[in-house]
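Right, one structure below, let's go through it.
A note on names: the letters A, B, ... follow the listed sequences, proteins ahead of strands, and every chain is numbered from 1. What's counted below: heavy atoms across the whole structure, side chains too, no hydrogens, waters or symmetry copies.
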Amino acid sequence: MDVKAIAVSKVEGLGEKVLGYINGLGDFTNFTMKTVFWTFKPPYRVHLLFDQMVFMGNKSVFIIFLTSGFTGAVFAMQIYLGMKAINADSFIGPIVTIALSKELAPVLSGLVVAGRCGAAMAAQIGSMKVTEQIDALEVMGINSYQYLAVPRILGAMLSLPLLSGIFLLIGYGGSWLVGVKVLQIDEILYTQKISDFMRLGMVAEGLIKAAVFGYLIGIIGTYHGFNVTGGAEGVGKGTNMAVVWGMITVLVVDFFLTSFLAKIL
Amino acid sequence: MSEKYSVEFKGLVKKFGESTILDNLTFGIHRGKITTVLGFSGAGKTTLMKHIMGLVQPTEGDVIVLDTVINKLGELELREFRRNFGMVFQYAALFDFLTSYENVAFPLREFTDMNEQEIYDKVMGLLASVGISEVAAKRLPSELSGGMRKRVGLARGLALDPHIMLYDEPTSGLDPITTHTVYDLMRDTHRRNEHRGFTSIIISHDIHATLKYSDYIVFMEKGRVVEHLDVETFKKSENPVIRQFLEL
């Protein structure tokens, strides 16, 4: 094969990949538009939304409990080690609490939900697709996006701020335990510094982020479920993609959201 | 409403890219009869069925179901219209998170104002008519045999009293005895509802069951209808492809 042919084949391969990504983006946008459209169309199946909130919210509480408690405790310990050197260890409280409310609570809750619920969404919907259960819904005249995707997306969007709130409280508890009980920082000083520096807008920032992450995790999880092809192997691939893209999206969007919210809050 | 046909295809063409899946089909499916669409794999049978339900749009031509040009309906009208259909899928497609009872109750809860007692009476009646016991009604699909899943699928398909019942390879994966039990059930269901113009359309490979249970046979090959005949005439067909199928 001559050099020209090799170059042409490389360019063709690259072109195919680019077109594939553009097509995928188009599919994803189309899917997002459909779910938005069907969110506002009756019938409103509130019981399905509650079922999803119980699955994503209630059943994630224990994992959030563990993650947040230890995150708060470890973060307090690390900050203490740094701050002690400049005699500023009384600032542990506000630093940990601000970090938790603005960043750690929404991002780590998002990662937990992306791993646990994004995978479940893709696996449930994907296995329904390969066993024709989605076709069965459509034949009955039920829109599968409205029945399967909308409750999961809204469920994630509403559950994640609640989980993030729990993360913040338990994380604060963990840091308080380490700061006050283990490292012997004066309790009044600890809480006083928090109230000096904390603003309601910081909590709001975290909750807004959590809601956006929930929405994105829901969209990505359900999209990969609906796009499963083949059998069990396809379901596995879809589940894997949902988790990977869910987590990446949380981290990337966090950067842009932080920049945006810093200007308006 | 057309007295003769429940479903009519007029110049139906379906292409996916360059390949033609359905090639200029014009024929009707008789109202109140059992019609089986027969043919080799890749003949276009399933695509034809999807056109009947409006799950795919024709490239050319029209599909008329119960006097409605189904390919001209909007999304919401189409969803409403699909309540005229019941369908039994190849592997039943029962919702795996619901029990047999809940599967059959599902369309009633979604589309009717029936109270729980009325739903219970109707569901248990339907399950009894397909030979599903009260114990099996409480089981999840994963706890049922293939034949039982098909029966529950049939009961679910009948829940909204459809005008047209579609069966996609209803006996695929079943042993010969269960195959005939399922076919008997399909025929009994048809006879019970025949008085209201109930039409059964079966997609199948099974020539022997087709000859025994159908009123009409549509034989497809490479996206075309080779023959559309009543069973007795079909048996005498001299078409070499059909002879090949008959002599299996």
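- Open room surrounds CZ on A:Phe50; 12 or fewer heavy atoms of other groups in view lie less than 6.0 Å from it.
- With a threshold of 4.5 angstrom between heavy atoms, B:Phe81 does not approach chain A through any atom at all.
- With rounding to the nearest 0.5 Å, the separation of CG in A:Asp135 from CE in B:Met87 is 7.5 Å.
- Between the CZ atom in B:Phe89 and the OG1 atom in A:Thr131 there is a gap of 10.5 Å [rounded to 0.5 Å].
- Other residues, nucleotides and ligands place more than 12 heavy atoms under 6.0 Å from the CZ atom of B:Phe40.
- Heavy-atom minimum distance, A:Asn143 versus B:Arg79: ND2-NH2, 3.0 Å.
- Taking the six-membered ring for Trp and the full ring otherwise, A:Phe55 and B:Phe97 have centroids separated by 6.0 Å or more.
- Annotation for A:Glu233: atom CD does not count as buried by contact number, only 12 or fewer foreign heavy atoms lying within 6.0 Å.
- Under a cut-off of 6.0 angstrom, the local environment of CZ in A:Phe62 is sparse, with at most 12 non-hydrogen atoms contributed by other residues, nucleotides or ligands.
- Within a 6.0 Å sphere centred on CZ of A:Phe260, other residues, nucleotides and ligands contribute 12 heavy atoms or fewer.
- Sparse packing is recorded around OH of B:Tyr120, with 12 or fewer heavy atoms of other residues, nucleotides or ligands lying under 6.0 Å away.
- Interface residue A:Met140: backbone and side-chain heavy atoms are both found under 4.5 Å from chain B.
- Taking CD1 of A:Ile134 as the start and CZ of B:Phe95 as the end, the distance is 9.5 Å to the nearest 0.5 Å.
- Proximity to chain A (any heavy atom under 4.5 Å) is shown, for B:Leu160, by neither the backbone nor the side chain.
- Closest heavy-atom contact between A:Ala136 and B:Ala93: CB-O, 3.9 Å.
- To the nearest 0.5 Å, atom CG of residue B:Leu98 and atom CD of residue A:Gln133 are 9.0 Å apart.
- Counting all heavy atoms, side chain and backbone alike, B:Arg82 lies closest to A:Val139 at CB-O, 3.3 Å.
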Evaluate the side chain to side chain contact (heavy atoms under 4.5 Å, CB included) criterion for residues B:Met53 and A:Glu138: first the C-alpha distance (whole Å), next the side-chain angles of each, then the deciding distance (0.1 Å), finally the verdict.
-> CA-CA 9 Å; B:Met53 293 180 291; A:Glu138 293 287 339; over 6 Å; no
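- The part of B:Glu75 that comes within reach of chain A is its side chain, from C-beta onward, which places non-hydrogen atoms under 4.5 angstrom from that chain.
- For B:Glu110 and A:Arg45, the salt-bridge test passes: some basic side-chain N is under 4.0 Å from an acidic carboxylate O.
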